[in-house]
**Student:** 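The structure's right below; bear with me while I get my questions together.
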Amino acid sequence: MSIDYISELNANQFAAVMYNEGPSLVIAGAGSGKTRVLTYKIAYLLENGYNPWNILALTFTNKAAREMKERIGKKVGERLAGRLWMGTFHSIFSRILRAEATRLGFTSKFTIYDTADSKSLIRSIVKEMGLNDKLYQPGNIQARISNAKNRLVLPSAYAASKEVCERDNADKMPAVRDIYSRYWERCRQSEAMDFDDLLFYTFILFRDFPEALEKYRAQFRYVLVDEYQDTNYAQHTIVSELSKLSRMLCVVGDDAQSIYSFRGANIDNMLDFPDMFPQTKIFKLEQNYRSTQTIVNAANSLIEKNERQIRKAVFSEKERGEAIGVFQAYSDMEEAQIVVNKIVEMRYSKGYEYADFVILYRTNAQSRAFEEAMRKRAIPYKIYGGLSFYHRKEIKDAIAYFRLIVNPNDEEAFKRVINYPARGIGNTTLGKIIDSAISRHVSLWQVIAEPATYGLDISKGTLSKLRAFRELIETFMEMQVEKNAYEVGVEVIRKSGIMNEILRGDTPEDMSRKENIEELANGMHDFCSERLEEGNTNVSLADFLSEVSLLTDQDLDKEGDDKKVTLMTIHSAKGLEFPNVFVVGLEENLFPSGMAESPQAMEEERRLFYVAITRAEEHCFFSYAKSRLRYGKMEFSSPSRFLRDIDTCYLSFPEEAGISAQVDERANNFRNKQRDRKIVFSPKPAASHTLKRVGVSSPSSASRSSSPLPDLQVGQMIEHERFGVGEVMKIEEAGDNTKATIHFRNAGDKQLLLRFARFKILNM
DNA sequence: CCGATACGCATTTTT
DNA sequence: TGCGTATCGG
């Protein structure tokens with residue numbers, strides 16, 4: 001399996017792939033084949049003396065990691081690709097932290113708190129400290145703590161830092177430092193790490209345990225990082241530490257697409273990279289393979305207006321393409337209509353599919369008008385963002401049970417399920433439990449495990465309710481030793497009363513909650529069977545949790561998504577591409593956002609617009625409305641300054657004539673629409689996250705005992721439940737653990753444990 | 001302890 | 001406008 005690097009890469013890409021003598025910085029313009037460079041480079045390293053486990057490749061999203069792994073798998077085989085240390089910062093670091101947990105005073109079963117957990121814990125701390133929660137808003141505090149952690153500032157250093165504290169004082173929040181310190185301790189007491197801790201503790205691990213640092217330095221002989229412009233200080237520091245001796249560090253990114261500074265991303269990590277790593281070799285990828293010349297040039301003319309950037313000359317050799325159409329509308333409703341009309345028209349006149357269109361906006365609230373316009377004309381669409389699967393109440397409740405079973409010290413999980421479903425343990429009791437726990441420095445669970453020891457002053461009746469609850473969780477805890485995640489999950493859903501609770505009602509919402517729970521169970525089933533099939537026996541509830549807590553809804557594929565118009569914020573469009581892009585709501589105070597006041601913030605908004613434009617392959621359109629409904633009030637707006645940043649020769653305005661009718665008619669129209677707005681309300685279609693439905697049997701028990709191993713021979717064709725049709729390439733006899741290598745038409749080579757695999761043999 | 005009603009607030013969000 | 005949290009009455 002030899003790869004023809006020279007013919008499959010352009011000169012700069014080739015040079016970047018081949019240079020492996022020291023640190024390198026690949027500045028990759030939009031659509032210039034950044035992922036291509038990374039995949040070929042890793043393939044090249046694998047072909048030239050690197051073992052997969054010697055390579056650490058870090059991304060920001062699971063999706064990016066998955067896709068890259070797949071592409072590498074196609075080149076060098078899944079076997080090798082599967083053993084790469086490739087994943088998100090958070091997932092790779094959590095893997096390391098679970099292995100090294102004891103050094104840091106944790107166990108490998110630590111919980112990962114999501115942002116909601118963090119805020120909820122902060123809310124209780126604020127309350128306990130008797131602070132004014134109008135002043136100390138959980139979200140705000142959480143952001144401050146997160147910032148501190150991203151800058152590797154411990155609570156002690158935070159309290160000692162004049163600068164930070166003065167800022168807190170100025171904002172009338174002098175107690176933030178105390179909240180931070182309490183928050184830190186409470187997380188430790190709960191054996192929990194928040195997202196930022198996954199980075200922070202990795203840093204601490206390497207700082208305080210030289211033998212750990214040495215071990216991982218020796219292992220990761222080559223470190224690669226995708227989207228480097230989005231790294232924060234903590235990530236940057238850890239990566240630097242790891243590659244300090246080997247000096248084999250390759251970072252790839254585009255400073256013009258840095259749009260996450262509000263999350264701590266620091267563009268300087270990229271801009272100053274050559275200064276920080278002496279003898280850095282810089283490669284620039286400037287040929288854009290995605291968009292027409294017009295689109296690339298328009299984007300260039302925009303980004304030129306930014307001060308702070310690495311100058312580059314992105315160019316396209318695709319056709320010139322059409323100018324960017326600019327639409328003016330009188331209201332947000334009309335804007336939506338115009339866009340939808342245009343989509344319909346292009347679909348007929350140019351033969352595009354619905355899936356070839358995306359509507360990009362600055363804020364989620366803007367989606368509503370477009371949703372309505374699409375529904376009216378029966379155009380299929382899908383919307384990204386909003387409530388993710390894992391953030392739905394019923395899912396969080398079920399997962400809270402799982403968390404508590406795996407790590408009973410998990411305070412947030414405890415608080416969530418102690419009285420759900422209602423079992424007569426209210427806030428008063430919970431408050432007492434918390435008080436005891438705090439004063440004795442133990443977890444909530446420890447208090448109810450030994451109420452007498454920790455002086456819990458409650459009535460006999462409540463005490464027995466608590467005991468019942470404890471015993472319930474304890475049965476699950478015993479169960480998880482033997483049974484897999486799916487089996488325990490189903491038991492929990494049944495026995496905890498979650499299912500009863502949900503089955504009580506019969507409103508559409510209740511039905512959807514029921515479906516979601518079923519989906520969760522299906523997801524757990526898939527999790528177990530997928531792993532078992534591939535010979536991975538780590539299918540406990542703890543294994544499931546450690547994976548699921550780092551998943552987002554972006555990681556779930558939805559059924560039938562391939563024939564729909566896409567609606568999303570520009571942020572979530574990063575890394576994607578579409579034939580036709582509508583960038584909507586180009587108005588002052590909306591895009592750029594009214595919150596962007598500093599010049600730096602304005603530059604980031606401009607980069608955001610740059611990202612939006614460069615998603616387009618063939619056609620790009622802009623639109624703005626002169627008035628729009630905001631928070632139920634009408635507001636008037638003027639066109640975005642960004643429209644003036646783009647060289648007018650790439651724009652075409654005639655579209656605006658097409659829509660304006662007589663003034664009277666317009667007003668009339670407008671009034672009608674205002675009326676419609678009230679009458680034509682229908683709820684958002686529930687996003688259907690469809691995990692494939694599978695049999696009701698449990699993955700372990702069903703196939704293990706009853707059915708004998710299928711009689712499979714090399715050369716036979718099979719149809720697998722998930723991977724589709726494939727040919728049997730090889731069979732490794734090993735009794736119960738007989739493995740087959742199957743070459744799937746669409747999924748590539750897979751090794752399956754026959755004992756678990758779900759497929760049928762096709763008759764030829 | 002639960003549900004109903006009032007109030008206040010409101011970018012973007014890879015993990 | 002419309003959601004999520006805070007508070008009150010049963």
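Heavy-atom basis, side chains included; hydrogens, waters and symmetry copies ignored. Lettering follows sequence order; numbering is per chain, from 1.
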**Student:** C1' atom, dC3(C) versus dT14(B): distance in rounded Å?
**Tutor:** 25 Å

**Student:** Report the distance from atom CZ of Arg123(A) to atom C1' of dA6(C), rounded to the nearest whole Å.
**Tutor:** 10 Å

**Student:** So Thr569(A), base contact, sugar-phosphate only, or nothing? Heavy-atom distance under 4.0 Å.
**Tutor:** sugar-phosphate

**Student:** May I have the distance from Met568(A) (atom CE) to dT12(B) (atom P), rounded to whole angstrom?
**Tutor:** 15 Å

**Student:** Measure OH/Tyr260(A) against P/dT15(B) and give the value in whole Å, please.
**Tutor:** 9 Å

**Student:** Please indicate yes or no: is the ring centre of Phe262(A) less than 5.5 Å from the centre of the six-membered base ring of dT12(B), with the two planes inclined by under 30 degrees?
**Tutor:** yes

**Student:** Heavy-atom nearest nucleotide on DNA chain B for Thr428(A) versus His391(A): which residue maps closer to 5'?
**Tutor:** Thr428(A)

**Student:** Could you state the atom-to-atom distance from CG of Asp226(A) to C1' of dT15(B) in whole Å?
**Tutor:** 15 Å

**Student:** Ring of Tyr420(A), cation from Lys393(A) - is the NZ or CZ under 6.0 Å from the centre and inside 45° of the axis?
**Tutor:** yes

**Student:** So does Glu412(A) pair up with Arg403(A), basic N to acidic O under 4.0 Å?
**Tutor:** no

**Student:** So, Glu605(A) side chain and Ser593(A) main chain: donor-acceptor pair closer than 3.5 Å or not?
**Tutor:** yes

**Student:** Give me the distance, rounded to whole Å, that separates dG4(C) from dT13(B) when you measure between the P atoms they each carry.
**Tutor:** 16 Å

**Student:** Just call it for Gly424(A): base, sugar-phosphate, or nothing, with non-hydrogen atoms closer than 4.0 Å on any strand.
**Tutor:** sugar-phosphate

**Student:** Under the 3.5 angstrom rule, does the side chain of Glu587(A) hit a backbone N or O of Ala625(A) as a donor-acceptor pair?
**Tutor:** yes

**Student:** Let's see if you can work this out: which of dT14(B), dT11(B), dG2(C) has an atom nearest to the side-chain heavy atoms of Asp230(A)?
**Tutor:** dT14(B)

**Student:** Look at the side chain of Arg263(A) and the base of dT15(B), then say whether one donor and one acceptor between them are separated by less than 3.5 Å.
**Tutor:** yes

**Student:** For the residue pair Tyr390(A) and Asp114(A), confirm or rule out a side-chain donor-acceptor distance under 3.5 Å.
**Tutor:** no

**Student:** Using heavy-atom distances to pick each residue's nearest nucleotide on DNA chain B, tell me which of Gly594(A) and Asn419(A) is more 5'.
**Tutor:** Asn419(A)

**Student:** Please give, in whole Å, the distance from dG3(B) P to Asn427(A) CG?
**Tutor:** 14 Å

**Student:** Specify the separation, in whole Å, of atom NZ of Lys119(A) and atom C1' of dC3(C).
**Tutor:** 14 Å

**Student:** Select base, sugar-phosphate, or nothing to describe what Ile425(A) touches, counting heavy atoms under 4.0 Å on all strands.
**Tutor:** sugar-phosphate

**Student:** Would you kindly give the CZ-to-P distance between Arg607(A) and dT14(B), to the nearest whole Å?
**Tutor:** 18 Å

**Student:** Looking at dT1(C) and Tyr631(A): do their rings stack (centroid distance under 5.5 Å, interplanar angle under 30°)?
**Tutor:** no

**Student:** Using OP1 and OP2 only, check whether a side-chain N or O of Asn364(A) sits under 4.0 Å from dT13(B).
**Tutor:** yes

**Student:** Does Val581(A) form a side-chain contact (heavy atoms from CB on, under 4.5 Å) with Ile613(A)? I'd like the steps, not just the answer.
**Tutor:** CA-CA 7 Å; Val581(A) 171; Ile613(A) 298 169; over 6 Å; no

**Student:** Using atom CG of Leu135(A) as one end and atom C1' of dC9(B) as the other, report the distance to the nearest whole Å.
**Tutor:** 16 Å

**Student:** Please classify the nucleic acid contact of Glu605(A) as base, sugar-phosphate, or nothing, using heavy-atom distances under 4.0 Å.
**Tutor:** base

**Student:** Quick one: label Arg362(A) by what it contacts on the DNA or RNA (base, sugar-phosphate, nothing), any heavy atom closer than 4.0 Å.
**Tutor:** base

**Student:** Based on the glycosidic angle (syn within 90° of 0, else anti), state the conformation of dT11(B).
**Tutor:** syn

